[in-house]
Amino acid sequence: QVQLVESGGGLVQAGDSLRLSCAASGRTFNSLSMGWFRQAPGKEREFVAAITSGGSANYADSVKGRFTISRDSAKSSVYLQMNSLKPEDTADYYCAARRLTWGRWEYWGQGTQVTVSS
């Protein structure tokens, strides 16, 4: 079992930056692939970014060049640095984890809200 807790969401203006954090517990953090997803009102949850246990990162085209995912093994945490935020980035952001890189996303946090005003 893995528990995930997100933090760092808030209300910002377009062009501002935020850093989201996700603290993991319950399993060996370094064995997990970690990811970020987001869901806007009336829309399906969409992939944002992921990072493997080896540190290889992948991004959705919509955030590539603006967002950076990273992990800190000492803190058992994953981060999402969001720069040049746009109103269309407004959503609830969820941290996720999986034991296998080819498996389903098994564990989910409670979400943290990001609102970007124009």
Side-chain angles (χ1 to χ4, degrees):
Q1 182 66 18
V2 175
Q3 295 85 45
L4 304 173
V5 180
E6 304 99 330
S7 62
L11 307 173
V12 298
Q13 289 188 321
D16 285 352
S17 298
L18 278 176
R19 192 178 82 152
L20 305 183
S21 299
C22 174
S25 63
R27 296 185 68 91
T28 302
F29 175 75
N30 289 339
S31 70
L32 299 170
S33 291
M34 305 295 297
W36 288 96
F37 294 75
R38 66 187 182 186
Q39 186 169 22
K43 295 186 177 180
E44 294 185 354
R45 186 174 298 175
E46 66 174 348
F47 169 80
V48 176
I51 186 166
T52 68
S53 60
S56 179
N58 189 36
Y59 301 91
D61 288 342
S62 60
V63 306
K64 196 171 299 181
R66 299 189 297 122
F67 291 10
T68 302
I69 188 171
S70 61
R71 61 194 299 157
D72 186 336
S73 60
K75 297 181 179 180
S76 296
S77 295
V78 64
Y79 306 95
L80 186 68
Q81 178 66 45
M82 304 185 294
N83 297 328
S84 301
L85 283 162
K86 305 174 181 179
E88 50 263 45
D89 295 319
T90 295
D92 289 331
Y93 283 72
Y94 296 88
C95 179
R98 59 188 178 187
R99 292 171 290 174
L100 302 172
T101 58
W102 59 89
R104 74 183 193 278
W105 293 99
E106 302 169 87
Y107 310 105
W108 295 84
Q110 83 289 348
T112 185
Q113 188 173 29
V114 173
T115 302
V116 184
S117 63
S118 60

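Numbers here are sequence positions counted from 1.
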Worksheet item: Where is the tightest heavy-atom contact between Thr112 and Gly8, given as atom of each residue plus distance?
Response: OG1-N, 4.3 Å
Worksheet entry | Any side-chain donor near an acceptor of the partner, Ser77 and Asp72, under 3.5 Å | no
Worksheet entry | cation_pi(Arg38, Tyr94) dist<6.0 Å, angle<=45 | no
Worksheet item: Can you tell if the side chain of Gln39 reaches within under 4.5 Å of the side chain of Tyr93, non-hydrogen atoms only?
Response: no
Discussion item. Has Thr52 got a side-chain atom pairing as donor or acceptor with Gly54's backbone, closer than 3.5 angstrom?
Written reply: yes
Fill in: From Met82 atom CE to Asp16 atom CG, the distance as rounded to the nearest 0.5 Å
11.0 Å
Fill in: Distance, nearest 0.5 Å, that separates CG of Asp92 from OG1 of Thr115
8.0 Å
Discussion item. I'd like to know if the side chain of Arg104 and the backbone of Leu100 have a donor-acceptor N/O pair within less than 3.5 Å.
Written reply: no
Discussion item. Do Val78 and Leu4 sit in one hydrophobic cluster, given that two such residues count as connected whenever their side-chain heavy atoms are within less than 4.5 Å of each other, even indirectly?
Written reply: yes
Discussion item. Is there a path of hydrophobic side-chain contacts, each under 4.5 Å between heavy atoms, that joins Ile51 and Val48?
Written reply: yes
Discussion item. Going by ring pair (Phe, Tyr, Trp, His ring centres under 6.0 Å), name the pairs with one or both residues in residues 33-75, residues two or more places apart or in two chains.
Written reply: Phe37-Phe47, Phe37-Trp105, Phe37-Trp108
Practice prompt. Would you kindly say whether Ser117 and Gln13 are connected by a side-chain donor-acceptor distance under 3.5 Å?
Written response: no
Worksheet item: Any side-chain heavy atom of Ser118 sitting closer than 4.5 Å to one from Pro87?
Response: yes
Worksheet item: So if you build clusters from Ile, Leu, Val, Met, Phe, Trp, Tyr with side-chain heavy-atom gaps below 4.5 Å, do Tyr79 and Leu32 land together?
Response: no
Worksheet entry | Ser17 OG to Arg66 CZ distance, which is reported to the nearest 0.5 Å | 10.0 Å
Fill in: Side chain to side chain, Phe29 and Arg71, heavy atoms closer than 4.5 Å
yes
Discussion item. Looking at Gln81 and Ile69, would you say the former's side chain and the latter's main chain have a donor-acceptor pair under 3.5 Å?
Written reply: no
Worksheet item: Quick one: do Lys64 and Asp61 make a salt bridge, cutoff under 4.0 Å?
Response: yes
Worksheet item: Side chains of Leu80 and Met34: closer than 4.5 Å at any heavy-atom pair?
Response: no
